[in-house]
Amino acid sequence: MAERAHDPRPTKLAFDPDAAMAHLAAADPVLGALIARVGPYAPSTTAAPDVFHSLMRAIVYQQLSGKAAGTIHRRLLDALGGGDTPGAERIAAASDETLRGAGLSRNKMLSLQALAAAKLAGELPDESRIDDYDDAELIEGYAAIRGIGRWTVEMLLLFHLGRPDVMPIHDLGVRKGYAITYGREELPKPKQLERECEIWRPYRSVGSWYMWRATEL
DNA sequence: TCCGCTAAGTCTT
DNA sequence: AAGACTCAGCGGA
């Protein structure tokens, strides 16, 4: 069997998707029509076993096409040893040459090293009790790491942790999907989106996911 | 074969 | 605030 880094799997949700879809359809008929057309809320995530490796992957994939990033990610895992879960120790122990040699940019190498160092220093949110942290706490905790911004943590919350009310107002896909769905000529500005999507609470993750779907219709 | 794009984040101006 | 710059791969010129 070919070794796969992190095959996609359905996101394990932290809420009831049927209740969310019903709530949104009632609160926003336009979105309701989109939901009816697309079908059930079905986000998927990579099979990264935990938050740490999910963030590792996120760093590698930033700003690259999936193919290119996949190549680097695979090479990186191979170089580190430890299969698909090298862990912070192997990253911290690896030389700069090893990391760069796998195809990481200098900035991404520094980011990955920062992530590993923070993990080993116990500076990251405790994964064994991740449910005790609210979205804002996790964004604050993880975005403090070099190379991890708000957007990356939002994707983690929505796709890896299955949180219900994440609103990625800066995401280009969400903005495009919103313009398509609501017949806007121009891309909505993040602040507009923040305001106008209030009615999706407490299920803004779900609304956002349907915006991405709208770009693929 | 070369070039721009990828659309995140950091760093510099 | 705005722009330069980055990893590899793809697709178009």
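Hydrogens, waters and symmetry mates are skipped; everything else that's a heavy atom, side chains included, is used. Letters A, B, ... are given to chains in the order of the sequence lines, protein chains preceding strands, and every chain is numbered from 1.
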* Polar side chain donor-acceptor pair, A/Asp28 to A/Tyr182, under 3.5 angstrom -> yes

* Would A/Asp171 and A/Trp212 count as having a side-chain donor-acceptor pair, cut-off 3.5 Å? -> yes

* What nucleotide, of C/dT6, C/dG9, B/dA8, holds the atom closest to the side chain of A/Ser105? -> C/dT6

* Integer-rounded Å distance: B/dC11 P and A/Asn107 CG -> 6 Å

* **Between B/dA7 and C/dG11 - P atom distance, rounded Å** => 14 Å

* OP1, OP2 of B/dC11 versus side-chain N and O of A/Arg146: anything below 4.0 Å? -> yes

* Measure from NE2 on A/His73 to C1' on C/dG9 and round the result to the nearest Å. => 17 Å

* A/Lys67, nearest nucleotide to its side chain (from C/dC10, C/dA8, B/dG9) -> C/dC10

* Tell me which nucleotide among C/dG9, B/dG9, B/dC11 gets nearest to the side chain of A/Trp151. => B/dG9

* Tell me yes or no: between the side chains of A/Glu196 and A/Tyr178, is some donor less than 3.5 Å from an acceptor? => yes

* Asked: Heavy atoms under 4.0 Å, any strand shown: does A/Leu64 hit a base, just sugar-phosphate, or nothing?
  -> base

* Using a 4.0 Å heavy-atom cut-off across all strands, classify A/Thr71 as base, sugar-phosphate, or nothing. => sugar-phosphate

* Structure fact -> In whole angstroms, the gap separating P of B/dT6 from CG of A/Leu172 amounts to 9 Å

* Looking across every strand, which nucleic acid part, if any, lies under 4.0 Å from A/Arg75 by heavy atom: base, sugar-phosphate, or nothing? -> sugar-phosphate

* So what does A/Ser111 touch, heavy atoms closer than 4.0 Å: a base, only the sugar-phosphate, or nothing? -> nothing

* Within this structure, what is the OH-to-P distance between A/Tyr61 and C/dG9, rounded to whole angstrom? -> 12 Å

* To do: Please confirm whether the backbone N or O of A/Leu157 pairs with a side-chain atom of A/Arg163, one donor and one acceptor, at under 3.5 Å?
  => no

* What's the CZ-P distance between A/Arg100 and C/dT6, to the nearest Å? -> 10 Å

* Classify the ring geometry between A/Tyr41 and A/Phe15 as parallel (under 30°), tilted (30 to 60°) or perpendicular (over 60°). => tilted

